[in-house]
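This report concerns only the one structure given below.
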Amino acid sequence: MEFSDVILAWYRTHKRDLPWRNTRDPYPIWLSEIMLQQTRVAQGLPYFLKFMEHFPTVGDLAAAPEEEVLKLWQGLGYYSRARNLHAAAKTISREYEGNFPQTYEGLLKLKGVGAYTAAAISSICFQEPNPVVDGNVYRVLSRYFGVDLPVNAPEGMRYFAKLAREVMDAEQIGDYNQGLMEFGALQCVPRNPDCAACPLGGGCEAVRQGRVGELPVKLPKKGVRTRYFNYLFPVDREFRTLLTRRNGPGIWEGLFEFPLVESGGVVPEDGIRALLPGAGIQGLGEATDVVRFNPNPIIHKLSHQHLYVTFWIVHLPGSLEGAVPISQMHSYPVPVLIANFMETVKNSYF
DNA sequence: AATGCGGGGCA
DNA sequence: TGCCCAGCATT
């Protein structure tokens with residue numbers, strides 16, 4: 001048996017029963033593919049179920065306000081995926097009369113759909129023979145064929161794209177693609193794979209050379225940036241607060257947050273008042289009282305940034321312009337960091 | 001060609 | 001702690 005036959009045979013007996021399998025309807029396939037970009041199945045699954053329930057069709061998704069889409073996406077990260085998902089739904093609904101493009105090239109035009117996702121949808125839904133190349137595929141191919149080109153550099157990406165096409169099974173492309181990814185996720189795992197139990201064992205170049213632990217090769221990524229965030233949680237006379245939308249570019253674009261002042265380091269208790277104007281919010285200067293909420297900064301780690309976050313309670317004697325009742329602040333799409341604070345402050349303060 | 005973009009799980 | 005995850009858009 002050659003490579004693709006082993007993958008297909010393995011897939012038939014090991015495939016997980018997931019809700020987007022056993023369908024060729026592009027809507028759930030597309031939704032799952034977007035959600036699973038850089039995201040584990042276990043993390044994306046509940047979001048998929050939630051979205052399918054709220055938006056049974058692409059038309060339902062297109063008709064929703066972006067804020068509602070972001071709220072449902074809250075916690076899944078990489079929020080541009082949600083905004084692009086929504087934009088693509090509008091395109092499909094309004095320009096394509098609710099029908100998905102049925103070719104790789106057509107799918108590629110949709111916002112948020114790149115080479116991987118176009119290959120996945122076109123192969124699974126329309127049997128177009130395009131190989132998917134994701135993190136799983138890089139790992140399996142680099143090991144089985146003993147390729148040590150960096151998978152995150154252009155030359156390596158071109159090489160693996162070509163290799164992937166050469167070894168695919170064009171006749172059963174949908175199952176082959178899903179099988180190869182499933183194989184990477186369950187058998188050819190990143191660390192300490194059980195090569196003794198691998199159906200490809202005999203033909204694996206990495207096993208033969210004793211280099212399983214070295215492959216795939218990845219170029220080091222840039223270090224993380226450290227930032228200091230001071231969130232001002234205004235509480236006015238009528239127990240209302242202020243939430244503003246983050247307009248990009250940058251992290252959490254499209255999500256809401258409390259007035260924010262960034263500083264060069266952790267701000268002492270007697271230093272916060274001088275920073276209030278930095279939030280650019282009228283009325284904060286009239287605060288009777290500004291109290292640090294968390295004694296030590298909350299360290300919120302993102303892939304590319306480490307945030308040291310302090311929340312400050314800003315008591316206002318008057319009435320705040322454009323404020324939202326504290327009882328309703330939970331309905332806004334916010335970063336996990338803000339959601340956690342809202343939950344804590346609700347339990348400990350009010 | 002390089003960089004930025006979340007959050008969670010695991011050894 | 002560092003690495004990885006069904007990648008993409010932007011520069």
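Letters go in sequence order (proteins before strands), and every chain restarts at 1.
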For a quick check of understanding: with a heavy-atom distance under 4.0 Å over all strands, which category does [X] fall into, base, sugar-phosphate or nothing?
X      : result
A:N192 : sugar-phosphate
A:L76  : base
A:G44  : nothing
A:A115 : sugar-phosphate
A:V132 : nothing
A:W20  : base
A:R21  : base
A:S32  : nothing
A:P335 : sugar-phosphate

A:V113 vs A:P216, nearer the 5' end of DNA chain C by closest nucleotide:
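Going by which nucleotide is closer to the 5' end, it is A:P216.
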
Quick one: [X] [atom1] to [N] [atom2], roughly how many Å, whole number?
X      : N      : atom1 : atom2 : answer
A:K221 : B:dT3  : NZ    : P     : 13 Å
A:L215 : C:dC4  : CG    : C1'   : 16 Å
A:R40  : C:dG7  : CZ    : P     : 11 Å
A:Y47  : B:dG6  : OH    : P     : 13 Å
A:Q37  : B:dG7  : CD    : P     : 17 Å
A:E257 : B:dG6  : CD    : C1'   : 15 Å
A:L186 : B:dC10 : CG    : P     : 13 Å
A:L110 : C:dC8  : CG    : P     : 12 Å

Residue [X], side-chain heavy atoms: nucleotide from [options] that is nearest:
X      : options              : value
A:P190 : B:dC10, C:dA6, C:dC5 : C:dC5
A:L18  : C:dC8, C:dC4, C:dA6  : C:dA6
A:Y78  : C:dC4, B:dC5, B:dG7  : B:dC5

For DNA chain B, whose closest nucleotide is more 5', that of A:G75 or that of A:R191?
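Result: A:G75.
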
Quick check on DNA chain B: between A:L219 and A:R227, whose nearest nucleotide comes earlier from the 5' end?
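Final value for this comparison: A:L219.
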
Rounded [atom1] spacing from [N] to [M] in Å:
N     : M      : atom1 : result
C:dC8 : B:dG8  : P     : 23 Å
B:dG6 : C:dT11 : P     : 16 Å
B:dG4 : C:dA6  : P     : 24 Å

Determine whether a donor-acceptor pair (one donor, one acceptor, N or O, separation below 3.5 Å) exists between the side chain of [X] and the base of [N].
X      : N     : answer
A:T39  : B:dG7 : no
A:Y116 : C:dG7 : no
A:Q43  : B:dG7 : yes
A:R81  : B:dC5 : no

Does a side-chain N or O of [X] approach OP1 or OP2 of [N] to a distance below 4.0 Å, or not?
X      : N     : value
A:K222 : B:dA1 : no
A:W252 : B:dG7 : yes
A:Q38  : C:dG7 : yes
A:Y79  : B:dG7 : yes

Run A:E33 and A:Q37 through side chain to side chain donor-acceptor pair (under 3.5 Å) and show every step you take.
CA-CA 6 Å; A:E33 293 300 345; A:Q37 289 168 3; over 6 Å; no

Aromatic ring pairing A:W10/A:F183, orientation class (parallel under 30°, perpendicular over 60°, tilted between)
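Perpendicular.
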
Please state whether the rings of A:W73 and A:F51 are parallel, tilted or perpendicular, taking 30° and 60° as the class boundaries.
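Perpendicular: the ring planes of A:W73 and A:F51 meet at over 60°.
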
Measuring from A:L18:CG to A:T23:OG1, what's the distance to the nearest 0.5 Å?
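So the CG of A:L18 and the OG1 of A:T23 are separated by 13.0 Å.
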
Please step through ring pair (Phe, Tyr, Trp, His ring centres under 6.0 Å) for the pair A:Y176 and A:Y11, ending with a clear verdict.
CA-CA 8 Å; A:Y176 167 78; A:Y11 185 53; 9.9 Å; no

Please list, in numerical order, the residues of residues 148-175 of chain A that have a heavy atom closer than 4.0 Å to any atom of DNA chain B.
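Heavy-atom contacts with DNA chain B come from A:P154, A:R158.
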
Taking only heavy atoms on the protein side, list every residue of residues 295-312 of chain A lying under 4.0 Å from any atom of DNA chain B, sorted numerically.
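Result for residues 295-312 of chain A: A:H300, A:L302, A:S303, A:H304, A:Q305, sorted by number.
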
Following the transitive rule for hydrophobic clusters with a side-chain heavy-atom cut-off under 4.5 Å over Ile, Leu, Val, Met, Phe, Trp and Tyr, establish whether A:Y144 and A:I7 coincide in one cluster.
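Yes, it is one cluster - the side chains of A:Y144 and A:I7 are joined through contacts under 4.5 Å.
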
Around atom NZ of A:K15, are there more than 12 heavy atoms from other residues, nucleotides or ligands closer than 6.0 Å?
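Check passes, neighbour count above 12.
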
By the definition side-chain contact (heavy atoms from CB on, under 4.5 Å), identify the one residue from A:L36, A:V137, A:V41 that meets it with A:M181.
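The side-chain contact (heavy atoms from CB on, under 4.5 Å) with A:M181 is passed solely by A:V137 among A:L36, A:V137, A:V41.
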
Please determine whether side chain to side chain donor-acceptor pair (under 3.5 Å) holds for the pair A:N130 and A:E128, giving the CA-CA distance in whole Å, both sets of side-chain angles, and the decisive distance to 0.1 Å.
CA-CA 6 Å; A:N130 298 305; A:E128 191 175 319; 3.1 Å; yes

Test your reading of the model: is there a side-chain donor-acceptor pair from A:K50 to the backbone of A:L72, 3.5 Å cut-off?
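Yes: the side chain of A:K50 pairs with the backbone of A:L72.
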
Set of side chain to side chain contact (heavy atoms under 4.5 Å, CB included) partners for A:V189, sequence neighbours left out
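Partners of A:V189 by the side chain to side chain contact (heavy atoms under 4.5 Å, CB included) criterion, ordered by chain and then number, come out as A:P193.
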
Quick check on ring-ring contact (aromatic ring centres under 6.0 Å, His included): which of A:F233, A:F341, A:Y231, A:W312 does A:F293 satisfy it with?
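It is A:F341; the other options fail the test.
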
